[in-house]
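Proteins get letters first, then strands, A, B, ... in listed order; numbering begins at 1 in each. Every heavy atom of this structure was used, including side-chain atoms; hydrogens, water molecules and symmetry mates were not.
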Amino acid sequence: MSSEKIQKTARKYALQNAVQFNGTANPKAVAGKVIAAFKDENISPNEIYQISGSACLEVNKIPIEQQIAELEKLAPELLKKEKKERDFSLPELPDAEKGKVVTRFPPEPNGYLHIGHAKAAIVDYEYAKMYDGKFILRFDDTNPENAQLEFYDVQKEDLRWLSIEWDEEYNTSDHLEKHYKLAEQLIKQEGAYVCKCPSDAIKDGRFHGKECDCRAVSTEKNLDLWKDMISSSVEGVVLRLKGDMKCVNTAMRDPTLFRIIDTPHPLHGDKYRVWPTYDFAGAVEDSLSGVTHPFRTKEYELRDECYFRLLELLELRKPHLMEFARLSIEGMPVSKRKIKPLIDKGMVSGYDDIRLPTLRGLEKRGILPEAIKQFVLSQGISKVESSVTFSLVEAINRKIIDPIAKRYFFVQDPIKLVVENAPAMKKTISLHPTDKKLGSRIIKTDNIFFVPKTDMKKLNIGGIFRLKDLYNVKIKEKNKVIFAEYAGEELIQDSAKIQWTTDNFIKMSVFVPGLLYQKGNYNPNSLEKVEGFAEEAVSRLKTGEIVQFERFGFVRIEKQNNTIMGFFAHK
RNA sequence: GCUCCCGUGGUGUAGUCCGGCCAAUCAUUCCGGCCUUUCGAGCCGGCCACUCGGGUUCGAAUCCCGACGGGAGCACCA
């Protein structure tokens with residue numbers, strides 16, 4: 001390699017660096033770039049350092065205007081600092097082949113889906129799509145005490161709302177016979193044993209790494225015990241993996257694989273009483289259903305070893321396990337454990353309370369599924385635990401809604417305004433400031449209006465403000481009623497533009513959600529009810545429409561037996 | 001207690017596997033300006049970060065060791 005070429009490159013980067021940093025190039029930074037440029041050519045870094053050093057010295061001597069001019073000639077592409085595009089697509093999957101990726105979303109049908117579920121479901125679904133693969137919806141209903149019939153459908157509805165489609169759907173509980181067979185196989189291989197110890201003893205043994213006597217029982221005896229378990233002649237026994245009771249990973253200390261639960265199953269009634277645990281069912285189902293890249297949250301990481309051990313013993317294919325951090329949003333609890341008592345005590349209205357991060361709650365307050373998807377994808381699949389502010393979701397939602405939401409007037413805390421010499425008008429006002437295709441409404445005005453009290457407080461007698469989209473008004477008297485006079489239609493740049501209603505208004509309440517939890521404590525003031533008057537056209541809106549009340553915020557409309565109300569999404 | 005995982009601005013994230021085109025990405029928040037018949041949106045600008053200490057190297061956000069901090073698991077829940 002000719003040193004001439006190196007010199008040229010060094011000059012180029014020195015100029016760029018200098019231009020970028022007020023005319024002074026930094027030799028180290030320049031050398032880095034030069035080295036990177038000649039990476040494959042086996043040049044000693046020392047040599048490059050020298051060349052870059054002198055290049056910088058020379059470049060730093062000339063004034064910045066000249067630097068720019070020279071760079072312009074030499075390498076104009078380096079002049080503009082190109083903006084690096086950041087795409088929000090998911091990173092490549094390891095060992096993934098187009099058309100052969102299979103993912104799965106395995107919820108337990110025991111409640112409404114929340115934003116955390118949405119993250120898992122969206123990631124799974126998007127990966128399947130990205131690789132032209134298959135996405136499976138699997139109900140992990142292996143605990144009859146938890147599974148409830150209604151939630152199979154509820155969760156599917158929630159997924160559909162997110163516009164997630166699945167290629168295949170099944171229940172783990174439909175595969176119990178297969179699980180029994182595998183368990184039997186495992187016992188025969190001396191990979192599992194029936195344990196009669198009480199749960200406290202098992203817990204204690206696992207904690208201290210002590211084996212129990214059940215472990216030493218013969219295979220034949222174990223098989224008999226297992227059959228007894230299934231045929232319901234024994235109580236209080238479990239099937240355990242013969243792991244390693246001394247293993248530092250406590251998950252490997254003979255975890256329970258099957259246990260007896262006599263509660264009837266919502267789908268199978270009392271047909272079965274022996275049920276696989278998550279460790280067994282999860283691993284077996286992932287493998288058998290052909291899943292290539294199962295995702296789960298990282299609190300399962302220690303169970304990976306158990307997952308693979310089981311599959312190895314059973315001689316089943318091992319999928320590529322992936323783990324990511326749980327999604328948590330500041331001030332919004334996701335766990336059922338936390339939400340349930342709030343509902344029971346009436347502190348929130350239900351699973352669709354607008355303060356909750358359930359999909360139903362988010363929907364109710366006007367967050368679009370597309371916003372949730374973009375939000376989830378922007379979070380990525382790292383293992384860093386973090387607590388996100390909801391304003392991130394709001395910002396995304398706002399960008400989507402703003403161009404399509406119709407604008408209306410809603411007057412919070414209204415005060416009456418009487419305008420002298422008011423011309424009676426029939427004014428056509430458009431429903432969106434830029435997109436005229438969204439249409440308009442016609443408002444008939446006389447001399448009576450209602451405007452927000454807080455705005456009036458800020459204005460003095462003699463002050464002029466504009467009834468937005470209508471005309472100017474000059475304040476004459478401020479009392480329980482504001483008296484003003486008509487002050488022309490011409491637009492005054494710096495005057496306040498204030499939303500209004502005529503006396504043909506509708507009363508309505510808007511519910512504004514706040515943080516349910518603040519510093520870990522329940523916030524009793526987390527829901528605010530704002531009363532006010534809305535313009536008459538609002539009464540014709542339908543449930544589910546998301547509009548912007550000008551100078552107030554985006555609101556989702558809901559009608560419940562003749563009363564109309566709003567749920568505040570965000571500013 | 002033991003083990004594992006994680007540590008990039010106020011917040012979230014990219015980059016870490018495979019050291020140099022990283023004086024560190026893109027958002028969001030906050031602050032300022034422009035624009036606007038909304039306190040919204042848009043546009044422009046600003047603030048602000050590789051947890052710390054050692055090591056390896058010509059060169060470390062990236063590799064190694066240690067400390068510190070946070071989280072998780074040690075269920076017959078998933």
Side-chain angles (χ1 to χ4, degrees), chain A residues 13 16-17 20-21 26 28-29 31-39 44-49 78 83-88 91 94 106-108 110 140-143 145-146 195 198-199 202-203 206-207 209 236-240 247-253 255-261 275 277-279 281-282 296-305 323 325-326 330 375 378-380 382-389 391-396 398-399 402-403 405 407 409 429 433-434 455 466-470 491-493 495-499 548-554 570-571:
Chain A
Y13 284 122
Q16 183 200 26
N17 195 252
Q20 224 175 93
F21 296 97
N26 178 342
K28 271 189 157 180
K33 292 201 181 198
V34 179
I35 291 171
F38 292 103
K39 212 172 183 175
S44 89
N46 263 328
E47 194 184 333
I48 291 181
Y49 265 109
L78 293 183
K83 280 217 166 175
K84 279 176 201 162
E85 277 291 308
R86 169 82 200 284
D87 64 2
F88 287 101
E108 183 181 34
N110 72 333
D140 260 347
D141 52 354
T142 53
N143 187 342
E145 284 172 356
N146 292 345
C195 183
S199 63
I202 293 178
K203 194 171 175 174
R206 295 190 69 188
F207 194 80
V237 300
V238 296
L239 186 74
R240 293 223 264 163
C247 186
V248 287
N249 182 356
T250 46
M252 290 306 289
R253 321 238 260 231
T256 298
L257 266 22
F258 285 83
R259 78 290 207 203
I260 295 168
I261 299 173
W275 293 91
T277 58
Y278 171 81
D279 278 317
R296 52 186 190 182
T297 47
K298 71 169 191 162
E299 60 262 27
Y300 294 113
E301 263 177 323
L302 295 182
R303 319 278 274 278
D304 288 5
E305 199 179 343
E323 264 123 8
R326 233 195 175 116
E330 230 169 80
F375 167 70
S378 79
Q379 291 305 298
S382 83
K383 291 202 215 170
V384 185
E385 33 336 274
S386 53
S387 189
V388 192
T389 347
S391 61
L392 239 35
V393 180
E394 294 179 354
I396 295 172
R398 188 182 299 124
K399 285 209 174 88
D402 183 70
R407 315 290 148 127
F409 292 150
I429 303 175
T434 52
D455 284 315
R466 186 177 185 85
L467 294 166
K468 188 170 180 285
D469 298 316
L470 195 66
L491 190 62
I492 305 168
Q493 276 300 334
S495 68
K497 285 95 187 174
I498 288 167
Q499 79 275 28
Q548 189 195 49
F549 284 161
E550 292 198 68
R551 308 208 310 139
F552 183 77
F554 292 94
H570 45 75
K571 281 235 150 192

Side-chain atoms of A:E108 come closest, of B:rC74, B:rA78, B:rU38, to B:rA78
Out of B:rA41, B:rU3, B:rA72, minimum distance to the side chain of A:D402 belongs to B:rA41
Q. Would you say a side-chain N or O of A:T434 is under 4.0 Å from OP1 or OP2 of B:rG42?
A. no
**Report entry** Pairwise P distance, B:rC4 and B:rG9 [rounded to whole Å]
**Finding:** 26 Å
- [ ] For B:rU28, take OP1 and OP2 only and decide whether either is under 4.0 Å from a side-chain N or O of A:K399.
- [x] yes
To the nearest angstrom, the NZ-C1' distance between A:K33 and B:rA24 comes to 12 Å
task = Just call it for A:N46: base, sugar-phosphate, or nothing, with non-hydrogen atoms closer than 4.0 Å on any strand.
result = nothing
| message | Can you tell me whether the side chain of A:D455 and the base of B:rC39 have a donor-acceptor pair closer than 3.5 Å? | response | yes
From CD of A:E305 across to P of B:rC74 the rounded distance in Å is 15 Å
Here the distance between atom C1' of B:rU11 and atom CD of A:Q379, to the nearest Å, is 10 Å
field: No-H, no-angle donor-acceptor pair, A:Q548 side chain to B:rU38 base, under 3.5 Å
entry: yes
Ranking B:rC21, B:rU38, B:rC6 by distance to the side chain of A:A36, first place goes to B:rC21
Can you find a donor-acceptor N/O pair under 3.5 angstrom joining the side chain of A:E385 to the base of B:rG70? yes
Taking B:rC39, B:rU37, B:rU13 as options, the one with an atom nearest any side-chain atom of A:K571 is B:rC39
Considering only heavy side-chain atoms of A:F207, the closest of B:rU3, B:rA41, B:rC74 is B:rC74
key: N/O donor-acceptor pair, side chain A:N17 with base B:rA23, under 3.5 angstrom   = yes
Below 3.5 Å, does any donor atom in the side chain of A:Y300 face an acceptor in the base of B:rA72, or the other way round? no
Residue-phosphate contact under 4.0 Å: A:R326 side-chain N/O, B:rA72 OP1/OP2
no
Taking only side-chain nitrogens and oxygens of A:R259, does any of them come within less than 4.0 Å of OP1 or OP2 of B:rA78? yes
Rounded to whole Å, the CZ-C1' distance (A:R303 to B:rC4) equals 13 Å
A:R296 with A:E323: basic N within carboxylate O range, under 4.0 Å: yes
A:L392 CG to B:rU29 P, in whole Å, measures 8 Å
Taken to the nearest whole Å, NZ/A:K298 to P/B:rA78 is 22 Å
Looking only at B:rC76, B:rU29, B:rC5, the nucleotide nearest the A:R398 side chain is B:rU29
CD1 (A:I48) and CZ (A:F38) are apart, to the nearest 0.5 Å, by 6.5 Å
Please step through side chain to side chain contact (heavy atoms under 4.5 Å, CB included) for the pair A:R398 and A:F554, ending with a clear verdict.
CA-CA 8 Å; A:R398 188 182 299 124; A:F554 292 94; 3.9 Å; yes
Rounded to whole Å, the CZ-P distance (A:R296 to B:rG73) equals 13 Å
P atom, B:rC44 versus B:rG54: distance in rounded Å? 42 Å
Regarding the side chain of A:V238, the nearest nucleotide among B:rA41, B:rA78, B:rC76 is B:rC76
Mind running side chain to side chain contact (heavy atoms under 4.5 Å, CB included) on A:L239 and A:R259 for me, showing each step along the way? CA-CA 7 Å; A:L239 186 74; A:R259 78 290 207 203; over 6 Å; no
Taking the six-membered ring for Trp, is the centroid-to-centroid distance between A:F552 and A:F409 below 6.0 Å? no
So, is A:T389 close to the B:rU11 phosphate, meaning a side-chain N or O under 4.0 Å from OP1 or OP2? no
When rounded to the nearest Å, what value does the distance between P atoms of B:rC48 and B:rG66 take?
35 Å
Taking B:rU13, B:rC76, B:rU37 as options, the one with an atom nearest any side-chain atom of A:I202 is B:rC76
N or O in side chain of A:S386 less than 4.0 angstrom from B:rU13 OP1/OP2:
yes
Per atom distances to the A:S382 side chain, the nearest of B:rC21, B:rA14, B:rU29 is B:rA14
Whole-Å distance, A:Y278 OH to B:rG73 P, equals 12 Å
Of the listed B:rG20, B:rC76, B:rU38, the closest approach to the A:R551 side chain comes from B:rU38
